[in-house]
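Residue indices begin at 1 and follow the sequence shown.
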Amino acid sequence: MLVSTLGMSATPDHDVLVAGAGPVGLMLAAELALAGVRVVVVERRTEPDTAPRAAGINTASAEAFERRGLLPAVEAVQGRLPFQGDRKRAPFAGHFGGIHVPAGAVDEQDPVLRGRGPHWFLAVPQAEVERILGERAAELGVEVRTGVEVCGFDADEDGVTVHLHDSDSDSTDRGGDAVRVAWLVGCDGGRSLVRRLAGFEFAGTDPLITVRQATGTVEGAELLGRGWQHTPTGVYHYGPVPGWIRTVELDGPPADREAPVTAAEMDASLRRVSGIDVRVSEVAEGGTRFTDHARQATAYRRGRVLLCGDAAHVHSPFSGQGLNLGLGDAVNLGWKLAATVRGWAPEGLLDTYTGERHPVGAGVLDWTRAQVAAMRGDTYSSALRAVVTDFLGTRDGATLYARRISGLGQRYDLGDGHPMVGALMPRLRLDDGGRPADHAHGGRALLVDLTGDDEQAAELAALAEPYAGRLELLRGSSEGAGVSGLLVRPDGFVAWASATGGTAGLEAALTRWLGDARKG
């Protein structure tokens, strides 16, 4: 990071510049704009990325979309997909390193999962998620500048001067096009320039495998097994879309990850891994490669520069964790950075972004590393795979898996007290027949009164009233949830809960998360 010695304090052109207009950058920009923050997004691409990437979002991400009124758009895309069929009979909850997890073994009455299944993923291609979020950002007035990328920046204690390069311009002069912002957020992917220039430490492990995926014409496809297939030379997956091929080879990273994926390459890889005489005669554009490179920034903030999504962590996408991890980052950071910009954030609020999201990211990295360990074809890994297969076939194993991949099992350490504190809010019914998510479209925190008691309602209303611009008071029923009141942060996580009908600890929680009611 180039640090200015001039102590620049010029009025910023924008409050926040987001580098990268993928799903994570757009989600963050929308969250910021919803809170009244002046945000600009720059994206080096000039056209949407249509390459096959993440194939769906998990339950936690779906609930984040629901809280902002975007879930119907996501579900509409899912309904148009040709390969969904009758999902009520889907036999598997997902896979762990190519090991199928039987859906029927999942305990759907588990306290974390109850009322949220039976499917822990919505099959929506990443390109469609990006489109939905792009439309949302546009509705909120976010400026997205395509064909523009960050080429450098100067940071000081008051803000960041960001130097931009426009692909339509031949100039590479760092002084030619610059904007002054209060904050810079790198959402610019696993090879993040923002991360590198800012000097973030990026620790982790080197890649051991290469995964290739493409849609093609396969002669002899009827000879291939369906679903994930382990062989002595790797792992392959064919379907459910006709012609959809994925191979996993255990011989290290590719020589050139960015070169176009050809039919000859997919043909050779599929025959090496499957050991079956099939032929891939052509592949569509957009085939991709990835590895199990796993690294994470040791902190997600350095002064006025922050990281979000793949810029903060990279890993293999096994079990569909990457997109959802990044969306979770954006939802966590958005309201905290907005509060900081608007001037009402309590002390240390922005630092809780790293404190809460870094452990979640570290857990995902280990989750993907463990899958690679179970995929290798050696004797030890084969023995491990047999043990893991048995465990995932049990009720406890399958339920643990569903908690992880759904995102519902993630928790933040928000203090002692009720078991719900630190977890995603439960799906409760309100007096108007709706759910709390229906009242979260504006991005405010929620205080939910579940006692049905007028005296309790008056006490909660008195505590909530000073925070009217940051908080909405709701009334509903607990439906046996064992809770009488909830304070829910804008990111959907429970910050306070009571099982007794009292308000002990609520005032402290309001101050901790919503700051001084007289500010902002």
> How long is the span from the NE2 atom in His163 to the CD atom in Glu149, to the nearest 0.5 Å?
Replying inline: 14.5 Å

>> Test of understanding: with ring-ring contact (aromatic ring centres under 6.0 Å, His included), list the residues that count as partners of Phe96, not counting sequence neighbours.
In response: Trp367

>> Can you tell me how far apart CD (Glu143) and NE2 (His14) are? Round to the nearest 0.5 Å.
In response: 5.0 Å

>> Checking Thr291 now: which residues fulfil side-chain hydrogen bond (donor to acceptor under 3.5 Å, both in side chains) with it, not counting sequence neighbours?
In response: none

>> Is it true that, when you exclude Glu47 itself, more than 12 heavy atoms of the residues, nucleotides or ligands shown sit nearer than 6.0 Å to its CD?
In response: no

> Quick one: salt bridge (Lys or Arg N to Asp or Glu O under 4.0 Å) pairs with a partner in residues 226-253, sequence neighbours left out?
Replying inline: Arg212-Glu249, Glu249-Arg272

> Does Arg302 reach the main-chain N or O of Ala198 with its side chain, forming a donor-acceptor pair under 3.5 Å?
Replying inline: yes

>> Tell me every residue that passes salt bridge (charged side-chain N to carboxylate O under 4.0 Å, His left out) with Glu43, counting only those two or more places apart in sequence or in another chain.
In response: Arg45

> For atom CZ of Arg44, is the number of surrounding heavy atoms from other residues, nucleotides or ligands below 6.0 Å larger than 12?
Replying inline: no

Please table the atom pairs, donor to acceptor, closer than 3.5 Å between any side-chain atom in residues 303-310 and protein atoms at least two apart or in another chain.
residue: Arg304; atom: NE; partner: Glu157; partner atom: O; Å: 3.2
residue: Arg304; atom: NH1; partner: Ala182; partner atom: O; Å: 3.1
residue: Arg304; atom: NH2; partner: Glu157; partner atom: O; Å: 3.2

> Just by distance, do the side chain of Ser381 and the backbone of Met375 share a donor-acceptor pair under 3.5 Å?
Replying inline: no

> Atom CZ in Arg357, atom CD in Gln296: separation rounded to 0.5 Å?
Replying inline: 10.5 Å

> salt bridge (charged side-chain N to carboxylate O under 4.0 Å, His left out) with Asp396: which residues, sequence neighbours excluded?
Replying inline: none

> Under the ring-ring contact (aromatic ring centres under 6.0 Å, His included) rule, what pairs show up with a residue in residues 248-278, not counting sequence neighbours?
Replying inline: none

>> If I take atom NE2 from residue His315 and atom CG from residue Asp366, how far apart are they, to the nearest 0.5 angstrom?
In response: 11.5 Å

> For the residue pair Phe290 and Phe318, does the interplanar ring angle fall in the parallel (under 30°), tilted (30 to 60°) or perpendicular (over 60°) class?
Replying inline: perpendicular

> With no hydrogens and no angle check, is any side-chain donor or acceptor of Thr215 less than 3.5 Å from a backbone partner on Ala284?
Replying inline: no

> CG/Asn58 to CG/Leu122 distance, rounded to the nearest 0.5 angstrom?
Replying inline: 9.0 Å

Distance-only donor-acceptor hits, side chain of residues 187-195, under 3.5 Å, sequence neighbours excluded:
residue: Asp188; atom: OD1; partner: Ser192; partner atom: OG; Å: 2.6
residue: Asp188; atom: OD2; partner: Ser192; partner atom: OG; Å: 3.2
residue: Asp188; atom: OD2; partner: Leu193; partner atom: N; Å: 3.0
residue: Asp188; atom: OD2; partner: Val194; partner atom: N; Å: 3.1
residue: Arg191; atom: NH2; partner: Glu258; partner atom: OE2; Å: 3.4
residue: Ser192; atom: OG; partner: Val194; partner atom: N; Å: 3.3
residue: Ser192; atom: OG; partner: Arg195; partner atom: N; Å: 2.9
residue: Arg195; atom: NH1; partner: Gly190; partner atom: O; Å: 3.1
residue: Arg195; atom: NH1; partner: Ala311; partner atom: O; Å: 2.9
residue: Arg195; atom: NH2; partner: Gly190; partner atom: O; Å: 2.8

> Can you list the residues that meet the side chain to side chain contact (heavy atoms under 4.5 Å, CB included) rule with Ala105, with sequence neighbours excluded?
Replying inline: Pro102, Ala398

> In terms of side-chain geometry, is the basic nitrogen of Arg145 or Asp177 positioned less than 4.0 Å from the acidic oxygen of its partner?
Replying inline: yes

> Under the side-chain hydrogen bond (donor to acceptor under 3.5 Å, both in side chains) test, which residues partner His313, sequence neighbours left out?
Replying inline: Asp329

>> Per the salt bridge (Lys or Arg N to Asp or Glu O under 4.0 Å) rule, what does the pair list look like for residues 288-301, sequence neighbours excluded?
In response: Asp206-Arg295, Glu265-Arg289, Arg301-Asp351

> Excluding sequence neighbours, so at least two apart, what forms salt bridge (charged side-chain N to carboxylate O under 4.0 Å, His left out) with Asp256?
Replying inline: none

> Taking Ser61 as the fixed residue, which of Val74, Leu327, Val331 is the one that meets the side chain to side chain contact (heavy atoms under 4.5 Å, CB included) rule?
Replying inline: Leu327

